[in-house]
Amino acid sequence: MHDLLTGIFFWSALGICLMGMLVRFIMYFKGLSWRLDRVAYTSYPGAGFKGAVRSIYKWLIPFGTYGWRTQPFIAVVFFGFHIGAVLIPLFLLGHNLFLKEKLGISFFTLNAAFADILTWTVVASAFFLVLRRLVLPEVRIMTTLYDYFILAISIAPFVTGLFARYQVGEYSFWLNMHIFCGELLLIAIPFTKLSHVFLFFASRAQLGMDFGIKRGGMKGTKMAW
Amino acid sequence: MPEGTLCNKMPVDTAEGITTLLSDTSGDTYYQEMKELEVDSDLLWKTIQNTCKSRMKTWLEICAHCGMCAESCFLYLVNGRDPKQVPAYKIQSTLGEIIKRKGKVDNQFMRDTMEVAWAKCTCCNRCGMYCPHGIDTGIMFGYLRGLLYQQGFVPWELKIGAGMHRVYRAQMDVTDADFVDTFEWMVEEYEDDYPGLTVPVDKEGAGIMYTVNAREVKHYPEDLAEAAILFHIAGENWTVPSKGWEETSLAMFAGDWAACKMQVESVYDAMERLKPKRMIGTECGHAHRATVIEGPYWAGRKNGQPPVESIHYVEWLAEALNTGKLKIDPSKRIKEPVTLQDSCNYIRNQGLKQATRDIMKHIVAPGYFIEMSPNKEHNYCCGGGGGFNGIGKFRKQRNIALIAKRDQILATGAKLVLAPCHNCWDAIRDLEEEYEIGIRWSFLKPIVIKMLDIPDHLRPEE
Amino acid sequence: MFKKILFATSATEASDHAARVAFNIAKTYQSNLNIFHVLGVPTRGYSQVVVDVKTKERVDVDEDYTAWVTEEIKIYYEKYLDEPLDYTIDVAIGLPAREILRQAKTLQPDLILIGGSTGDEDDIVYKKSSVGSTLQKVAKAAKCPVLIVNRPAASFWGGLSNIVFGTDFSKTSDKAFDFAIKVAKALDCELSVFHALDITSLHTGKMLSQDEIEQQIRECLRKIRSRYESRLKELKGYSMDVWEGIPFIEIVKYARDKQADLLIMAHHSRRAPSGDIKLGGNVEQVIVRAGCPVISINK
Ligand code: HEM
Ligand code: SF4
Ligand code: SF4
Ligand code: SF4
């Protein structure tokens, strides 16, 4: 079982995820239309690029935008969740050992204690994300089962990972579950709402170009995100 | 009776058609007929497949349903934080639903959607600034309106408005002759006070081609005289086209893209014909949006620019004041608390915040200008945008929508509100009528004229 | 002498005094009388909804409504319209002053007749957003004489015997004088020419001595004589006076003194370059205060 999961399954999941992301990313930009979107993308690549970069990086900074600042609670929860969600998969020591063995590459690794904190933060933040969905009427009204499903498959690798980490019950079972959930997540990324992992950059870039080209950027006004 | 005689999928493009529609008081019959109007699901789905591409599809797909956009929408705030007013919910439950059902929606659904599209969103685009994913719900509502218009589900006044553009190339039944006549008449009325005041019609190669809002011609012609006076005193070489003088577009509010194209092309034709150096439009927000910001795309201009450089009136005024073409007598500056309405259409959507603030610096004595909060690109809609002001059916909702602006104004303590946008001006007037908070409001032109320091050679002889 | 008269009315009590005079003149001169009513300004942006100035209600203006208003006006003026009279009724939408001027532009009347209050007084719809009143604007821009009846006119037109003409020696005043002579002749009444020496603003900062004042009064009288007397002699009676004080107060006092039935003045309210309507202020002040109808002449 373990061999299967770390073998063919792993390769397929990773392949599907990377290929899927790449294809969808390219499709996204190919699908942009100056006429339908009413943005002269290609006429002003410079202005568009500047707008796009600003639009992305401002939003990646915690409290970097009016949006984050006016909603501090979600901002904290969001970053609590996402910093871990992005860093742990890539930089956990265990993951890196695994990657080294499989791909022959490894990244910089996180200090173990810090990684623990991050993981717990992810789980705790996920709890608050769910709570938010249950409690706040403005979020509840839009929340569908699909949203919980996405949250569930996002959080599953972390929860199972923690079980394995603290050896709750049988280690190898949880490890296999962890790998399985992780692979599920990888496959889900290109096909579900989790596509935001890369489409976030596409979508923000698009709006950034819109503001950079049409809505003020070329008048010399930087959008005050 | 699937297609009504008044309410149907056909745009109005004859003067008789408009008269017939107009004679249906309050659109009573029109809305009655709308209840029977059939939805052409195939057409709807085909249109969506052809026009809903990457950007919008992605928006609808990746929306996290996180609700961060909720508080950004003034309509959510003034409607007691009704979750049904959350931007993402509004668009997901309408456009999102239509797409999910591949266009197979019924009459009732379309009528409800019409209400959401015109009474629950003014296309002010504020929410787009607060969504982490960069989802601009206002843009999607603009798109949705187009779908609704195509199916005949559009508020009565806007069907008429779009029809006006088709027939008269103006938002009201003002003909080209009416326009020139009225402009000349007004200039005549003021020429004693401003010797040499003229209105050069169809002058080729002028520095400025001026375009207006038909409402000025019809109801507020003083505005034309004021524009003439300011150009005259600034020593501008200007002209107005006898055709293609209307800058506004109710067709844009209606979602009648074909009429939008016809309308802006009439202005662009005038630009090509008269070859001015620049085009300047009057103090109107949506007109600028229609003719300068969105118009080039409707007309198929790939570089997104009108044929000649086109600027908003506030840009010209700021320039004239900054360069000294117009001089203000400092003793006549505004010396009472005064605030400024930032029009979404050219502040948020074209970044002209500095121009209006430059103007304020010139015309308001130091210490008297009080910013609203929030302001600049973060300002709330006046409450009447996107056609909301004019729709009788949604009057109640519109009046509630005014509360955001009312409270913003009250918080400044100012009794004078400058509103360089026709729609905002209207909304602010209506909010005074509705809530009587004791404010006055004004465009910039009359205020500036009163405080001008006019060079001797332009003064009337005594 | 008045072939066409434009009578702008609110068709309410506020215009009743003006109506009496309007119908009276129209009958006397067999004029064509255009009864003109402005419904109100559309409040709904480009929509069809108007706040009716009369009922203060929001109405949808369409043909039916206009027809109904026209009928109402007919009923309101029934007692005058019974007798043979050449009249038309028009109803318009917009800002009253602008629409009256627009109507005048198409009709080219010989006289615009307007009540002191045209329904715009406390109406928020007009008041706060526009500087100045309907009267002010019409009087300023009209190309024909504007007759304003603010208070009940003591006598009917035709029964006039004393006209006061106030001059400030401007070109417009000369034109107004031509008109005054014409009216005085036609109605066979006396004409009193009057000038008020403005001691308020003319010499700000410098108190005039009584000698100087009297000196100036003598000068003004000489001016009046040389300008107007030759033509005044054509009338059955005339007088010429100069008083000092605040002009609009003095002329109202003078008119009362003379038991004037009509006051004629030039309205050369050139929008002073400063922008505020100062010079015209006199006429407007007079209109508000005078006990008799006032004719303001602009061009
Ligand atoms: C660089 C990568 C990523 C970016 C820029 C990003 C960005 C975003 C944004 C902007 C939102 C919506 C805002 C919000 O809910 O507060 C969001 C929501 C979400 N993201 Fe990500 N994300 C990234 C990676 C991930 C990853 C790797 C996962 C999964 C492990 C993930 C799972 C989620 C989930 C579950 C939500 C919904 C939260 C909710 O229920 O409100 N994201 N992300
Ligand atoms: S803020 Fe953006 S992602 Fe969140 S619910 Fe609103 S539109 Fe969707
Ligand atoms: S565009 Fe404006 S009105 Fe419409 S949903 Fe967004 S914030 Fe609300
Ligand atoms: S009316 Fe004014 S404030 Fe409202 S949406 Fe339009 S521009 Fe913005």
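The structure displayed is predicted, hence computed values, not measured ones. Residue numbers begin at 1 in each chain, while the letters A, B, ... track the order of the sequences.
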Can you tell which part of [X] gets under 4.5 Å to a heavy atom of chain A, answering side chain, backbone, both or neither?
X	value
B/Cys131	backbone
B/Ile347	neither
B/Tyr143	neither
B/Ala88	both
B/Glu315	side chain
B/Asp82	neither
B/Arg301	backbone

Listed by residue number, which members of [range] have a heavy atom under 4.5 Å from any heavy atom of chain B?
range	answer
residues 61-72 of chain A	A/Tyr66, A/Gly67, A/Trp68, A/Thr70, A/Gln71
residues 24-37 of chain A	A/Arg24, A/Met27, A/Tyr28, A/Gly31, A/Leu32, A/Trp34, A/Arg35, A/Leu36, A/Asp37
residues 206-225 of chain A	A/Gln206, A/Leu207, A/Asp210, A/Phe211, A/Lys214, A/Arg215, A/Gly216, A/Met218, A/Lys219, A/Thr221, A/Lys222, A/Met223, A/Ala224, A/Trp225
residues 188-196 of chain A	A/Thr192, A/Lys193, A/Ser195, A/His196

In terms of heavy-atom pairs under 4.5 Å with chain A, which of [options] leads?
options	answer
B/Cys66, B/Ala70, B/Cys69, B/Gly128	B/Cys66
B/Lys53, B/Arg55, B/Glu71	B/Arg55
B/Asn349, B/Val86, B/Asn125, B/Asp136	B/Asn349
B/Lys376, B/Gln354, B/Gln305	B/Gln305
B/Ile135, B/Thr51, B/Thr58, B/Ile62	B/Ile62
B/Gly300, B/Cys52, B/Ser54	B/Ser54

Quick check against the 3.5 Å criterion: does [X] have a side-chain atom that pairs as donor or acceptor with the backbone of [Y]?
X	Y	answer
B/Ser310	B/Val292	no
A/Thr160	A/Ala156	yes
B/Arg81	A/Glu138	no
B/His312	B/Cys284	yes
A/Ser154	A/Ile150	yes

Run the salt-bridge test on [X] and [Y] with the 4.0 Å N-O cut-off and return the result as yes or no.
X	Y	answer
B/Glu377	B/Lys353	yes
A/Asp147	A/Arg140	no
B/Arg278	B/Glu319	yes

| Going by the angle between their ring planes, with limits at 30° and 60°, are A/Phe107 and A/Phe91 parallel, tilted or perpendicular? |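 A/Phe107 vs A/Phe91 ring planes: perpendicular.
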| message | Counting the benzene-type ring for Trp, do A/Tyr148 and B/His65 have ring centres under 6.0 Å apart? | response |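 Judged by ring-centre distance (under 6.0 Å), A/Tyr148 and B/His65 do not meet the cut-off.
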| Given a strict heavy-atom distance threshold of 4.5 Å, which part of A/Phe201 is in contact with chain B: side chain, backbone, both, or neither? |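 Neither part, no heavy atoms under 4.5 Å.
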| request: Kindly indicate, with the supporting measurements, whether the criterion side chain to side chain donor-acceptor pair (under 3.5 Å) is fulfilled by B/Arg126 and B/Ser72. | output: CA-CA 6 Å; B/Arg126 190 171 191 270; B/Ser72 70; 5.0 Å; no
| Does the side chain to side chain donor-acceptor pair (under 3.5 Å) test come out yes or no for B/Asn375 and B/Gln408, once each step is laid out? | CA-CA 10 Å; B/Asn375 56 46; B/Gln408 261 188 306; over 6 Å; no
| query | Rounded to the nearest 0.5 Å, how far apart are CD1 of B/Ile99 and CD of B/Glu97? | reply |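 One gets 10.5 Å once the value is rounded to the nearest 0.5 Å.
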| said: Distance check, rounded to the nearest 0.5 Å: B/Cys124 atom SG versus B/Met129 atom CE? | reply: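 One finds 10.5 Å between SG of B/Cys124 and CE of B/Met129.
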Shortest non-hydrogen contact from [X] to [Y]?
X	Y	value
A/Ala40	B/Tyr297	N-OH, 2.9 Å
B/Asn303	A/Ser43	CA-OG, 3.5 Å
B/Ile293	B/Asn345	CD1-O, 3.5 Å
B/Gly386	B/Arg145	O-NH1, 2.7 Å

| query | Do B/Leu77 and B/Gln85 pass the side chain to side chain contact (heavy atoms under 4.5 Å, CB included) test, and can you show the C-alpha distance, the side-chain angles, and the key distance before you say yes or no? | reply | CA-CA 8 Å; B/Leu77 296 177; B/Gln85 289 279 5; over 6 Å; no
| query | Pick from B/Lys261, B/Met262, B/Gln263: which one makes a side-chain contact (heavy atoms from CB on, under 4.5 Å) with B/Glu265? | reply |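 Considering B/Lys261, B/Met262, B/Gln263, a side-chain contact (heavy atoms from CB on, under 4.5 Å) with B/Glu265 is found only for B/Lys261.
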| request: Check A/Ile155, A/Val123, A/Val76 against A/Phe81 for a side-chain contact (heavy atoms from CB on, under 4.5 Å) and give me the one that passes. | output: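 By the side-chain contact (heavy atoms from CB on, under 4.5 Å) criterion, A/Phe81 pairs with just one of A/Ile155, A/Val123, A/Val76: A/Ile155.
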